[in-house]
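Reading through the structure tokens given below for one structure.
Ligands are counted one by one from 1 in listed order, and the atoms in each one are counted from 1 as well.
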Amino acid sequence: MADNLTYKILRKHLIDGELRQGEEIGIKIDQTLTQDATGTMAYLQFESMGIKKVKTELSLSYVDHNTLQQGYENADDHKYLQTVAAKYGIKFSRPGNGICHQVHLERFGKPGKTLLGSDSHTPTGGGLGMIAIGAGGLDVAVAMGGGAFYLTAPEVIKVELRGKLRKWVSAKDIILHVLKIISTKGNVNKVLEYCGDGLRTLSVPERSTIANMGAETGVTTSIFPSDEITKEFLLAQDRLADYQELKAEPDAQYNDEIQIDLSEIVPMVALPHSPGNVVAVSEIAGRKIDQVEIGSCTNSSLRDLMIAGKILDGKKVSPEISFAIAPGSKQVFTMIAKNGILASMIESGARIMESTCGFCIGCGQAPKTNAVSVRTNNRNFEGRSGTATAGIYLVSVETAALCAIEGVFVDPLIKQAEEYPEVKLPEKFNIDDSMVISPDELSAKTEVFRGPNIGQPPQNSLLGKDLKGQVAIKVGDKITTDHIMPAGPRLKFRSNIEKYSGFVFEGLDPYFAQRAKTLKEKKQASFIVAGDSYGQGSSREHAALCPMYLGVKAVLAKSLERIHAANLVNFGILPLVFSSPKDYENLDEEDQLEMSDLIACFDQGESIVVENKTKNEKIKMIYELSSRQKEIIKAGGLLNYTKKAGSV
Ligand code: MIC
Ligand code: SF4
């Protein structure tokens, strides 16, 4: 059978299992990336594995999420990350150098390679023809140690782009259009593979906008072929040697197909509070706006900032709105400073931010009460901006810049008669890697700095034969990892699990953490009951690690998202799925639950029967776990399992 591009690359990297759709496979990881918010824990876990040096072709540690440095915690984390990187042979991208995905695309990604990142938007690398996957920090730590990364061999959906976009419509509108078609649900263990003549009109950064926000559909990753356009981009980055042509074999097989005529796409917007709530901007034209933010790993490339700057040139921003722009990388920042576009932005009234995630993760720029905030990033979950009552609207840079000028929603298509500020990529980007520190022979002797905010990764105990405990919380559908483990002002405690775990489910139930702790003291397990798509969004393993620390032993859900389900397993928490939705309805908070003979159930592949002692009922729970995952859960998590198995 002829391979599509996804299977071509997977086949080359296969080191465990058989490459058959639906089966668990282990692949070799060529490159890894971490960012500061997930990185500290990943490196603490890596250190505890007792390996001398990373075994990948390239591992990079970025600092981009939390650079506000209010208090000593961030600065301590940064120094820990810098010293641990030097010691173990990892490149270190200093704060201010840019957002991990943007910098990786510009300077390090390579067609045909595998990239594993402790951030859910790692698939941005798919724009360069990589298999780039987001995972929990512990999975990345294992990959740095040379261990395989395990995933389900995916279904591959062919997305054929035909024709050409209209003026004022851009790549962000394509991915919003895709989200409208396939939504944020039901896409687990799938890959979106793009092809078609429409690709000829999309530069690498535009392809990467699409691959980046593919994460919101829940797919494992998205991928584009590596072609002449990729070659041009790599040449302009002075990296021609990294180029290779890559495409699907003729007559390659796919599980499904989506056809998109680019000329029919109109400017789109994702309404609060889900990236899947997509409508045409024209439907809300004229609605008043309070804030506009341009930037994030989705839309902060040179192309995006040039467009925004050209739209703003000679104009003034509406006095009614708060407006900020964050260039995605130092490269982009330097180039717009040199070519004068930065001056146009400043003159228009924009506030210029550091090259970091910033507003996207609620680190600053929280909008006002009940605000309508228009942003170019990829997630608009309730409360993520830092203001619980604000509504976030996700749009393209074109729409955002026009909205900033007018103070109301503007459909860019009304501008069709005017000249579109077309941007051609430069023949040479500004190349200066001085903010990336490379380890040398002496670095292995570096002493690792540990501030008082850095604790040790907590260990879990072996899975007991029986579990007894209580439903400590019951939540609804589409609970994101931002609901489970808030970021924003809480981010600085990522390296301090004892402290950070006090904020689990903070926005939904501020008493949860205390309740779970009390149950743990009484040697009772806590159980989480959830609806559909539990664990959407980020890769933050803290959404599993902190509940584990509080004594959560199982999640009982209608369905679970891929990265979060894997993180639960990695920390020894049982990811169980209801066999009938009515069982979810029958369960209530404080119900006493018991599960018996778990190990025997696992060994014999039987479903797990949960006894609801309060209601005197029995519930059949199903689980999709490979034999390797069952062993991980029995061992109390991946760290225990890896050390025992000596697999790195
Ligand atoms: C996000 O966009 O939610 C984050 C912050 O980048 C996360 C990682 C994290 O929580 O540190 C992600 O996407 O994985
Ligand atoms: Fe950073 Fe936002 Fe991108 Fe996450 S989605 S990596 S917080 S810019």
Do me a favour and list the nearest non-hydrogen protein atom to [atom] with residue, atom name and distance?
{"atom": "atom 2 (Fe) of ligand 2", "answer": "Cys360 SG, 2.3 Å"}
{"atom": "atom 4 (Fe) of ligand 2", "answer": "His65 NE2, 3.8 Å"}
{"atom": "atom 3 (Fe) of ligand 2", "answer": "Cys297 SG, 2.3 Å"}

Atom 1 (Fe) of ligand 2 and Cys357: any N/O/S contact shorter than 2.8 Å?
yes

Could Arg450 and Tyr80 be counted as a cation-pi pair, given that NZ or CZ must be under 6.0 Å from the ring centre and within 45° of the axis?
no

Just by distance, with hydrogens left out, do [X] and [Y] show a side-chain donor and acceptor under 3.5 Å apart?
{"X": "Thr298", "Y": "Asn377", "value": "no"}
{"X": "Arg494", "Y": "Tyr500", "value": "yes"}
{"X": "Gln291", "Y": "Glu293", "value": "yes"}

Contact partition for Ile361 relative to ligand 1, non-hydrogen atoms under 4.0 Å
side chain

Only heavy atoms of Asn378, strictly under 4.0 Å: list the atoms of ligand 2 that pass.
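This gives 5 (S) as the contact atoms.
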
At less than 4.0 angstrom from any non-hydrogen atom of Ser296, what atoms of ligand 2 do you find?
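That gives atoms 8 (S) of ligand 2.
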
Does a side-chain heavy-atom distance below 4.5 Å link Pro458 with Leu545?
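Yes, side chains in contact.
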
So, do Ser355 and Lys330 sit near enough that their side-chain heavy atoms are less than 4.5 Å apart?
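Answer no - side chains too far apart.
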
Between Ser118 and ligand 1, is there a nitrogen or oxygen pair with a distance under 3.5 Å?
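By distance alone, the answer is no.
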
